[in-house]
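Note that ligands are numbered from 1 as they come in the structure, with each ligand's atoms numbered from 1 the same way.
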Amino acid sequence: MTELILKPGKERSLYRRHPWIFEGSVARLNGRAKPGDTVDVLDADGRVLARAAWSPKSQIRARIWSFDSQTIIDDAFFKRRVADAVARRQAMPQLAGQEGMRLIHGESDGLPGVIADRYGDTICLQLTAAGPDKWRKAIVGALVKATGVARIYERSDSDVRGLEGLEPVTGWVHGEAPDTALSIDENGVRLGVDVVGGHKTGFYLDQRDNRLLTRDLAAGKAVLNCFCYTGGFSLQALAGGAASTLSIDSSGPALVGARANLAMNPQLDASRAEWLEADVFEALRVFRKEGRRFDLIVLDPPKFAPSAAHAERAARAYKDINLLGFRLLNPGGYLMTYSCSGGIGLELFQKIVAGAAVDAGRDARILRRLAAGPDHPIALHFPEGEYLKGLLVQAD
Ligand code: SAH
């Protein structure tokens with residue numbers, strides 16, 4: 001097998017079981033490898049440490065499949081890893097009865113570059129690296145075997161594929177397009193999922209538990225849901241008895257989806273819901289001038305900092321919306337504020353929110369730290385997996 005030889009000292013991250021090998025750690029390749037081929041990883045003294053997928057165009061030059069140098073990377077390997085990931089979720093009482101759940105969360109499930117989200121009898125699969133791109137058939141077969149789903153849609157069109165030198169790939173890879181629109185029940189609320197045209201794999205499963213928390217807090221409250229996408233937080237707030245929900249997104253199609261979602265839930269009082277197509281930064285400034293106030297504000301913006309390099313500009317954007325959020329909050333009101341930027345850690349995010357509160361002249365307390373649900377686990381050896389972080393804050 002082709003050998004990837006590490007530079008002296010660059011084996012250290014492998015002893016911590018971190019699955020990425022960066023361009024700067026590679027001394028040379030003994031033999032040839034095409035993108036996605038399996039290579040043996042050797043330290044400078046010639047010890048075999050792992051087996052990995054070679055990705056010649058990426059700064060992450062290889063992603064480790066196994067730290068056992070004897071593991072054969074073949075169809076059976078993917079069958080085992082996929083089955084294990086699915087079985088772990090099936091065994092989690094917190095996920096019992098959920099129609100929507102992430103079945104494979106990349107590195108944290110031992111499958112770097114693989115995302116699989118289940119929506120009822122449909123899976124949306126996203127492959128973001130050269131390794132899984134080569135093993136597509138094996139991964140699809142393993143998912144069908146482990147779950148028995150009727151269909152799988154591949155949605156490998158994320159920007160990060162470009163960094164791997166991979167073209168976008170989309171389409172049905174198992175079964176056919178369903179006759180009826182896809183939707184899931186999420187804790188008593190029905191939500192549409194557009195795997196073909198929606199964001200990411202069609203829906204933001206990672207906020208499931210936090211949407212439920214919103215429901216628990218919403219009774220009698222005036223709720224402002226910023227960056228609402230298809231309205232998940234708003235619908236749960238209505239389910240919790242919110243007095244009103246005002247939901248903002250800059251995407252027209254997202255709001256069409258949101259209205260359709262509300263219509264699918266006749267148990268909710270639609271007269272309490274208002275939708276606004278606008279830029280959140282502008283809308284919140286207008287509300288401030290108008291003197292509008294809310295009791296519960298959700299801020300769930302898109303990724304302002306895809307990597308640490310964007311952290312400074314992103315920090316200003318987070319500060320800006322959180323400052324506006326605090327200014328619009330009634331005394332005793334709750335702010336649920338999130339960052340899904342990998343480049344902004346929890347500590348920095350908390351500092352930004354604290355700075356926003358000071359500038360708004362508000363004292364506030366953290367009631368709870370928030371994160372993605374248990375179907376988005378974070379492997380201890382892969383802290384990068386912790387992309388979503390949030391705070392539930394109550395202001396005086
Ligand atoms: N809270 C949502 C997910 C939010 S994703 C849920 O639970 O499903 C982020 C959303 O922010 C996207 O829908 C995107 O269209 C929207 N968005 C991005 N920039 C925006 C801006 N400046 N103003 C308003 N919405 C924006």
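Close contacts of ligand 1 with Y229, meaning ligand atoms under 4.0 Å from a residue heavy atom, involve 2 (C), 3 (C), 4 (C), 8 (O), 13 (O). The distance from ligand 1 to the heavy atoms of F233 drops below 4.0 Å at these ligand atoms: 1 (N), 7 (O). Atoms of ligand 1 found under 4.0 Å from any heavy atom of A278, numbered from 1 in the order shown, are 23 (N), 24 (C).
In this structure, W275 and A258 approach most closely via the heavy-atom pair CZ3-CB, 3.6 Å. Contact detail for A237 and T214: the closest heavy-atom pair is CB-CG2, 4.1 Å.
Proximity annotation for atom 10 (C) of ligand 1: of I321, N225, D249, D249 comes nearest, heavy atoms only. Distances from atom 23 (N) of ligand 1 to the heavy atoms of V280, L191, L205 put V280 nearest.
A heavy-atom separation below 4.0 Å is found between D279 and ligand 1.
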Show, in sequence, the C-alpha distance, side-chain angles and deciding distance for S250 and E277, and conclude whether the side-chain contact (heavy atoms from CB on, under 4.5 Å) test is met. CA-CA 5 Å; S250 56; E277 185 177 335; 5.9 Å; no

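In this structure, Y387 and H376 have tilted ring planes: the angle between them lies in the 30° to 60° band.
A side-chain donor from one of E164 and S58 sits under 3.5 Å from a side-chain acceptor of the other.
Q267 CD: more than 12 foreign heavy atoms inside a 6.0 Å radius.
The protein atom (non-hydrogen) at minimum distance from atom 2 (C) of ligand 1 is D300 OD2, 3.5 Å. Protein heavy atom closest to atom 18 (C) of ligand 1, with residue, atom name and distance, is P302 CG, 3.4 Å. The single protein non-hydrogen atom nearest to atom 4 (C) of ligand 1 is F227 O, 3.2 Å, given as residue, atom name and distance. Among all protein heavy atoms, the one lying closest to atom 7 (O) of ligand 1 is R211 NH1, 2.8 Å.
Contact of the L246 side chain with the N225 side chain is not registered, since no non-hydrogen atoms from C-beta on lie closer than 4.5 Å.
Under 4.0 Å is where a charged nitrogen must lie from a carboxylate oxygen, and between R161 and D133 at least one such pair does.
Residue-level proximity to ligand 1 for Y204 is carried by the side chain, the only part with a heavy atom below 4.0 angstrom.
Considering backbone and side-chain atoms alike, S250 places an N or O below 3.5 Å from some N or O of ligand 1.
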